[in-house]
Amino acid sequence: MKRQDDVIAAIATPVGEGGIAVIRVSGKGALGVVDSRFRGNVRLAEARTQTAHVGRIVDDTGGVLDEVVALVFRSPHSYTGEDVVEVSCHGGVWVTRRILESVIAAGARPAEPGEFTKRAFLNGRIDLSQAEAVADLIRARADRAHRTSLEQLGGKLSKQVNGIRDELVEVCGLLELELDFVEENIEFTDKAVLASKLASVIGTLDGLVRSYHYGKVCREGVKVVLSGKPNVGKSSLLNALLNENRAIVTEVPGTTRDVIEEDLNIEGVLFRVVDTAGLRETADIVEQEGVKRSENQILNSDILLLMFDLSESVGETERRLMERILNRIDRKQTSCLVVQNKMDLVSNGTPDPMLGFIDGYPRVKISALKGTGLESLRKELVNLALGGDKGLLEEGVTVTNNRHKEALDKARNHLQLALRSLEDGRSGDFIAMDLRSALDFLGEIVGVVTTDDILNAIFSKFCVGK
Ligand SMILES: Nc1nc2c(ncn2[C@@H]2O[C@H](COP(=O)(O)OP(=O)(O)OP(=O)(O)O)[C@@H](O)[C@H]2O)c(=O)[nH]1
Ligand SMILES: [Mg+2]
């Protein structure tokens, strides 16, 4: 078992060559450990907090490894809450490695993934949901993900959850007080007031659980799969959206065989756009494998673009193809958008060949070749990704983490049971039991209630040095 008060050390910057790299050292005695390998005008062990010192780091034979700047943070004024030294050295892979080794030889041990942040949590610097936000912030690849993780890091979710916990503690207290006076038949609390309190908390939890859909969109992005018959222009559309020649486009049906995935940022939402092989019966075994992969992608899509060629009529083949797809996808997960391509080939006034064909889905007409209609397509994608809740959710707290959502869900279920018991006139201790369970689940989010399993699951996902 690794001890909690060891001095730990790790390279905090990514592996590779760069301007500078940072080696982070934390724990009681961290200043002394680094000081024993530091040669400068100031003894780090005696330095004031939040000061920077130029010097050299040496190895165990006294040989100079690099010129560095050492930043000193004294407990509790540091990321972890412990004594911390951050050594900024020149950003070479080898030199960084050697400095870490030197610090370890001087008495530190290599940090585990996420151990700095874990210590920040254990020392009360941040709560659990804030610690998780650190990992999300590092992973954020688009504006909205960045914004929600930053809000969570600032404690927006914690604040709301703690507010709810306070209310529930109060209700619990009232119920339990009443129990002490059960013999005397005294009622302290108006049942109707309690019920409306509970109902309002349930409403708040409902909103938080619902925000998870938007939160997931922010965090993981939206998977958009381009599907349709060969040659309708799927690869052309991918290229047009990315504004680069990413996928091969030819007039030969069956050009794309592999699955091609690229990130696309629209209005701060991250879309993962997937181009696939055109769907058709084929004798070519390479293409057959491609079609199989397309079908896999379709089943795992958040948004499915059903692409058609406007210059062609739709008939029995298309009808069968669409039936097959639409019967297999999970409507709760996947939204469909019909894209009619090659509008440059049809003159105005030509009747829509798809009149009455798979109605009930939003449609856009585009020309991937000329780049027309792409603006409406982008708008439609954002609409489908964020749903109607867009404005509403941006105001409030967004739940981005599955662990939080599950805990909120469970808390809400217990509160619903409590409310029902209250309405049925059950005894106070019975109701309080469910309230306690709800409190525990809410406590798991911020980390007041926690287990080693929960902590390990969370921090093992961090990188070393964070
Ligand atoms: N006129 C016109 N031609 C287009 C348009 N979009 C694509 N094409 C042409 O249609 C042909 C097929 O385009 P692709 O993008 O390769 O079609 P695909 O759906 O990826 O085809 P597969 O990979 O074979 O499934 C190419 O010759 C494109 O130049 C369009 O909007 N207008
Ligand atoms: Mg293609």
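Just so you know, ligand 1 is whichever comes first in the structure, and atom 1 is the first atom listed for that ligand. All figures in this text were calculated on a predicted structure; none of them were measured in a lab.
Looking at Leu345 against ligand 1, only its side chain comes within 4.0 Å, counting heavy atoms. At a 4.0 Å heavy-atom cut-off, ligand 1 touches Asn231 through backbone and side chain alike.
Between Lys234 and ligand 1, at least one N/O pair is under 3.5 Å apart. Taking distance alone, with nitrogen or oxygen atoms compared against 3.5 Å, Asp275 stays at or beyond that limit from ligand 1.
Checking Leu369, Thr250, Thr372, Thr255 against atom 3 (N) of ligand 1, the nearest heavy atom belongs to Leu369. When Ser236, Gly233, Ser367 are checked for heavy-atom proximity to atom 17 (O) of ligand 1, Gly233 turns out nearest.
Remark: Lys466 fails to qualify as a cation-pi partner of Phe459 under the 6.0 Å distance and 45° angle criteria applied to the six-membered ring.
Of all atoms in ligand 1, numbered sequentially from 1 with element shown, those under 4.0 Å from a heavy atom of Val252 are 24 (O). The contact set between ligand 1 and Val232, taken as ligand atoms under 4.0 Å from a residue heavy atom, comprises 19 (O). With ligand atoms numbered from 1 in the order given, ligand 1 contributes 25 (O) to contacts under 4.0 Å with heavy atoms of Gly278. For ligand 1, the atoms closer than 4.0 angstrom to any heavy atom of Pro253 are 24 (O). In the vicinity of Glu251, heavy-atom distances shorter than 4.0 Å reach the ligand 1 atoms 27 (O).
Among Leu153, Asn401, Thr400, the one residue that satisfies the side chain to side chain contact (heavy atoms under 4.5 Å, CB included) test with Thr148 is Thr400. A side chain to side chain contact (heavy atoms under 4.5 Å, CB included) with Thr334 holds for exactly one of Ile298, Leu304, Asp302; it is Leu304. Results of the side-chain hydrogen bond (donor to acceptor under 3.5 Å, both in side chains) test with Arg293 over Glu289, Glu295, Gln297 single out Glu289 as the only residue that passes. The residue from Ile445, Val399, Ile458 that alone fulfils the side chain to side chain contact (heavy atoms under 4.5 Å, CB included) condition with Ser129 is Ile445.
Among protein heavy atoms, the minimum distance from atom 28 (C) of ligand 1 is reached at Val249 CG1, 3.7 Å. Nearest protein neighbour of atom 1 (N) of ligand 1, counting heavy atoms only, is Asp344 OD2, 2.9 Å. Distance from atom 6 (N) of ligand 1 to its nearest protein heavy atom, with residue and atom name: Asn341 ND2, 3.1 Å. Of all protein heavy atoms, the one lying nearest to atom 24 (O) of ligand 1 is Gly254 N, 2.7 Å. Atom 10 (O) of ligand 1 has its closest protein heavy atom at Lys342 NZ, 3.1 Å.
Here the closest heavy-atom approach between residue Val68 and residue Cys89 is recorded as CG1-CB, 3.8 Å.
A salt bridge is absent between Arg280 and Asp284; no separation between the charged side-chain nitrogens and carboxylate oxygens falls under 4.0 Å. A salt bridge is defined here as a Lys NZ or Arg NE, NH1 or NH2 lying under 4.0 Å from an Asp or Glu carboxylate O, and Glu132 with Arg403 meets this definition. Between Arg378 and Glu375 a salt bridge is recorded (basic side-chain N to carboxylate O distance below 4.0 Å).
Residue contacts with ligand 1: Ile366 is excluded, as none of its non-hydrogen atoms falls under 4.0 Å.
A donor and an acceptor atom, one from each side chain of Ser26 and Thr80, are located under 3.5 Å apart. Under the 3.5 Å distance criterion, with hydrogens and angles disregarded, no donor-acceptor pair is assigned to the side chains of Ser149 and Asp136.
Between the OG1 atom of Thr256 and the OG atom of Ser235, the angle taken at the Mg ion (ligand 2) works out to 90° after rounding to 10°.
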